[in-house]
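Below is one structure, written out as structure tokens, with a few remarks after it.
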2 protein chains.
Amino acid sequence: MTLNLMSRYLICVEEQELEGRLRAARVRPTRQRVTVLAALASEEHDATAQEIYARLRESDEPVGLATVYRTLALLTERDVVDELSHHQGESCYRLCSGGHHHHLVCSSCHRVEELAGCELDEWLATASAERGFVPTSHTLEVVGLCERCRTA
Amino acid sequence: MTLNLMSRYLICVEEQELEGRLRAARVRPTRQRVTVLAALASEEHDATAQEIYARLRESDEPVGLATVYRTLALLTERDVVDELSHHQGESCYRLCSGGHHHHLVCSSCHRVEELAGCELDEWLATASAERGFVPTSHTLEVVGLCERCRTA
DNA sequence: ATAATTGCAAAGCGTTTGCACCCTG
DNA sequence: CAGGGTGCAAACGCTTTGCAATTAT
């Protein structure tokens, strides 16, 4: 009972925090958008649009599939969430800390770790310049096996 | 006329070379497979399955769409061609030199340059180990503007 | 009131698959 | 004649879109 109250309180706090993120990105914090973002925040690994839709469908705050897609597209564009493409044919989404970084994805359980600090820019600029290119962006995705899956 | 003979000759030479690549990959060199590979070889940039299908459809050696897909999947698996995913939702294919390398893609004209020599492995191994991961593979794709598109 | 947002269902699009036919070995 | 390869069309799965209803400012 006390725990119940506590978690209810925490959920409220989190929702306010998420609403803040939305406002900061100039995204109107509708019930659906906060719900989608909360689902993403509670996801240990990354999640596809379909997974989020399925999860919310069974909750007490369902959100239409189209809205899930529209929300994720908007949030990706506004850099509130990261879109990963290690899945081929399906996009995965993840709530990340800000700044440029890359991801380490476990091929077995889909656990995702952030790889902070990218030291590629300098090398890329040099190597690209040799071919007349000016790099505008890059994506690096590392696939591997996490400790738990390796020892299991 | 002489030129015609010449190019005909060159085409034969190239086809034999391509057949060799297929045999080396333990892929039976059928007419369709050689045709798909030749289309890829004559492509200045990278190409999607649909593009290759469309091009061959208008040539005198059409190949069914399903066969194009099956061939590209097989050749990718056998490391005869590289599959790039900078397009989101659609895979691009390219005939590459062997060995591990990355790509520089022009966002305007889709020109692709190979970026030889990848110095990421060491850094990745270290950074991954800190999180208990053992990296098995990685993909780096650099998007930029090529010289021609920048000055145009 | 005005403009943005949502849900639903239909359409879109790239890709895969079932199956009969064909060719090669 | 046995087995892989091919073509066609249908099926698939993810994503987008048109539109009317709803909601926020």
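So that the names make sense, note that chain A is the first sequence line, chain B the second, and so on, each numbered from 1.
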### Task
To the nearest 0.5 Å, tell me how far A:L124 CG sits from A:E119 CD.
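Here the rounded value is 12.0 Å.
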### Query
Could you give the distance from CG (B:L75) to CG (B:L95), rounded to the nearest 0.5 Å?
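Going from CG on B:L75 over to CG on B:L95, the span is 9.0 Å.
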Between N or O atoms, less than 3.5 Å apart, protein on one side and nucleotides 11-13 of chain C on the other: list the pairs.
none

### Message
Can you list, in residue-number order, the parts of residues 57-74 of chain A that come under 4.0 Å of DNA chain D, counting heavy atoms only?
### Response
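Residues of residues 57-74 of chain A that come under 4.0 Å of DNA chain D are, in numerical order, A:L65, A:A66, A:Y69, A:R70.
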### Nucleic acid contacts of residues 83-93 of chain B, taken as heavy-atom distances under 4.0 Å to DNA chain D
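Correct list: empty, so none.
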### Query
Got a sec, which pairs hit side chain to side chain donor-acceptor pair (under 3.5 Å) with one end in residues 136-148 of chain B, sequence neighbours left out?
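Matches after skipping sequence neighbours: B:H100-B:H138, B:H102-B:H138.
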For [X], enumerate each residue passing the side chain to side chain contact (heavy atoms under 4.5 Å, CB included) test, keeping only those at least two apart in sequence or located in another chain.
X: B:A47; answer: B:L40, B:E43, B:E51, B:I52
X: B:E19; answer: B:R23, B:P29, B:V34
X: B:E113; answer: A:R131, A:F133, B:L104, B:R111

Do you see a donor-acceptor pair shorter than 3.5 Å between the side chains of [X] and [Y]?
X: A:H103; Y: A:D46; answer: no
X: B:T71; Y: B:Q32; answer: no
X: B:E114; Y: B:S97; answer: yes

### side chain to side chain donor-acceptor pair (under 3.5 Å) involving B:S91 - partner list, sequence neighbours excluded
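Partners of B:S91 by the side chain to side chain donor-acceptor pair (under 3.5 Å) criterion, ordered by chain and then number, come out as B:E83.
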Interface polar pairs with nucleotides 21-25 of chain D, N/O, under 3.5 angstrom:
none

### Query
Can you tell me if the side-chain N/O atoms of A:Q32 get under 4.0 Å from OP1 or OP2 in C:dG7?
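Yes.
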### Task
Could you give me the CA-CA distance, side-chain angles and deciding distance for B:V80 and B:L74, then say whether side chain to side chain contact (heavy atoms under 4.5 Å, CB included) is met?
CA-CA 9 Å; B:V80 178; B:L74 182 63; over 6 Å; no
### Query
Does A:H110 have any ring-ring contact (aromatic ring centres under 6.0 Å, His included) partners at least two apart in sequence or in another chain, and if so, which?
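In terms of ring-ring contact (aromatic ring centres under 6.0 Å, His included), with neighbours along the sequence ignored, A:H110 is linked to A:H86, A:H87.
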### Query
Per the end-axis method with five pairs at each terminus, what is the bend angle of the helix from C:dA1-D:dT25 to C:dG25-D:dC1, to 10°?
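The value is 30°.
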### Query
Counting only heavy atoms not in A:R57, do more than 12 fall under 6.0 Å of its CZ?
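12 or below, so no.
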### Message
In this structure, how many angstroms lie between the P atom of C:dG7 and the CZ atom of A:R33, rounded?
### Response
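My rounded result for the distance is 11 Å.
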### Query
To the nearest angstrom, how far is A:E51 atom CD from D:dT15 atom P?
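After rounding, the gap between these two atoms is 11 Å.
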### Query
Is B:L84 isolated, or which residues cluster with it under the ILVMFWY side-chain rule of less than 4.5 Å, directly or via members?
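Direct or chained contacts put B:L84 with B:V105, B:V112.
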### Message
Is there a path of hydrophobic side-chain contacts, each under 4.5 Å between heavy atoms, that joins B:V27 and B:Y93?
### Response
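Hydrophobic grouping puts B:V27 with B:Y93.
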